[in-house]
Amino acid sequence: MKRLPSPAPAGEPVEQLAPVQAEDYRPDREGWAWRLVVFLRITAGLAMLKGLYHWSAVCGIGVSADQGFDAQSLSWQTATVFFAVIDLVAAVGLWLATPWGAVVWLTGSVTMIVVQVFFPLIYGLHWIVVAGLLGLIAAYLFFAIQAAREQPN
């Protein structure tokens, strides 16, 4: 690591700083924190696809006119708009690896699990969705705990 030059006394020329080189700073790509960031970015991609899926339902893409957004129940419309918004917001936060992104994603995931299990009349009960979200939440908790253990006290 390069040391910064000390300030020059009055009247002496100031030494120019060398430009920052790409090799000077390289994040640790071996530890659990890096694995957590990779996991968050993969999950961000999935959340983005899920949000776009819900927006396609709102816009009526790929369905006939009699099965469009207006033809659905109010509970289906409400849930679909909620997930269309929250999944895309979560995708941005997850991609940036921010704490609020994980919170928004966890909120949306737990809400989807609750809707699937306790309100099957809205979307129907799809166990693969529930199992997939539970698996992603468990993986997130695993990576987050491992990354926290790796940090110095």
Side-chain angles (χ1 to χ4, degrees), residues 1-4 18-153:
M1 185 171 185
K2 292 183 181 179
R3 296 185 65 174
L4 294 175
V20 176
Q21 301 295 321
E23 300 85 38
D24 291 346
Y25 175 75
R26 183 175 180 145
D28 179 42
R29 295 177 185 235
E30 301 291 326
W32 286 104
W34 174 251
R35 292 181 189 123
L36 175 62
V37 170
V38 170
F39 173 79
L40 290 175
R41 296 234 168 126
I42 291 169
T43 307
L46 294 173
M48 184 183 63
L49 290 174
K50 189 169 167 275
L52 291 175
Y53 168 78
H54 287 291
W55 273 114
S56 71
V58 170
C59 295
I61 297 172
V63 296
S64 62
D66 61 333
Q67 294 177 340
F69 185 77
D70 293 338
Q72 303 297 330
S73 67
L74 181 60
S75 59
W76 186 92
Q77 291 175 352
T78 304
T80 302
V81 169
F82 172 79
F83 291 120
V85 172
I86 200 166
D87 286 336
L88 292 181
V89 171
V92 171
L94 288 171
W95 186 265
L96 297 174
T98 60
W100 63 264
V103 170
V104 173
W105 173 73
L106 285 169
T107 301
S109 296
V110 169
T111 305
M112 178 57 89
I113 291 169
V114 168
V115 166
Q116 290 281 319
V117 172
F118 295 110
F119 303 101
L121 294 177
I122 295 176
Y123 290 129
L125 179 58
H126 302 285
W127 286 106
I128 190 127
V129 173
V130 174
L133 288 172
L134 286 173
L136 285 173
I137 291 170
Y140 168 73
L141 292 174
F142 172 76
F143 284 119
I145 289 169
Q146 294 299 327
R149 287 182 181 171
E150 186 177 68
Q151 299 300 318
N153 290 335

Cut-off 3.5 Å, no hydrogens considered: what does the side-chain donor-acceptor table look like for residues 84-93, sequence neighbours left out?
from: Asp87; atom 1: OD1; to: Lys50; atom 2: NZ; distance (Å): 3.4
from: Asp87; atom 1: OD2; to: Lys50; atom 2: NZ; distance (Å): 2.8

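Minimum interatomic distance between Val117 and Leu125 (heavy atoms only, all atoms of both residues): CA-CD1, 4.0 Å. Across every non-hydrogen atom of Phe69 and Val58, the tightest pair is CB-O, 3.5 Å. Taking all atoms of both residues into account, the shortest heavy-atom contact from Ile122 to Ala79 is CG2-CB, 4.0 Å. Taking every heavy atom of both residues into account, Val129 and Met112 meet most closely at CG1-CG, 4.2 Å. Between Ala44 and Trp95, the shortest heavy-atom contact is CB-N, 3.6 Å. Nearest heavy-atom pair, Val37 versus Ala97, reported as atom, atom and distance to 0.1 Å: CG2-CB, 4.4 Å.
In this structure, Trp127 CH2 and Leu134 CG are separated by 9.0 Å, a value rounded to the nearest 0.5 Å. Atom-to-atom distance recorded for Leu94:CG and Thr43:OG1 is 6.5 Å, nearest 0.5 angstrom. In this structure, CG on Leu136 lies 10.0 Å from CD1 on Ile42, to the nearest 0.5 angstrom. Atom CG of Leu36 and atom CZ of Arg41 lie 11.0 Å apart (nearest 0.5 Å).
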Next item on the list: Start with the C-alpha gap between Tyr140 and Leu40, add the side-chain angles, then the distance that decides, and say whether side-chain contact (heavy atoms from CB on, under 4.5 Å) holds.
Entry: CA-CA 8 Å; Tyr140 168 73; Leu40 290 175; 3.9 Å; yes

Next item on the list: Could you give me the CA-CA distance, side-chain angles and deciding distance for Leu74 and Gln77, then say whether side-chain contact (heavy atoms from CB on, under 4.5 Å) is met?
Entry: CA-CA 5 Å; Leu74 181 60; Gln77 291 175 352; 3.9 Å; yes

Margin query: Between Ile137 and Val110, does the side-chain contact (heavy atoms from CB on, under 4.5 Å) criterion hold? Intermediate values first, please.
Written below: CA-CA 9 Å; Ile137 291 170; Val110 169; 4.2 Å; yes

Check: Taking it one step at a time, do Ile61 and Trp55 satisfy side-chain contact (heavy atoms from CB on, under 4.5 Å)?
Finding: CA-CA 9 Å; Ile61 297 172; Trp55 273 114; over 6 Å; no

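Within a 6.0 Å sphere centred on OH of Tyr53, other residues, nucleotides and ligands contribute 12 heavy atoms or fewer. In this structure, Phe119 places its CZ atom where only 12 or fewer heavy-atom neighbours from other residues, nucleotides or ligands lie under 6.0 Å away.
In this structure, Phe142 has its ring center closer than 6.0 angstrom to the ring center of Trp32.
Between Tyr123 and Thr80 there is a side-chain heavy-atom pair separated by less than 4.5 Å. With contacts defined as side-chain heavy-atom distances shorter than 4.5 Å, the pair Val38/Phe143 does not qualify.
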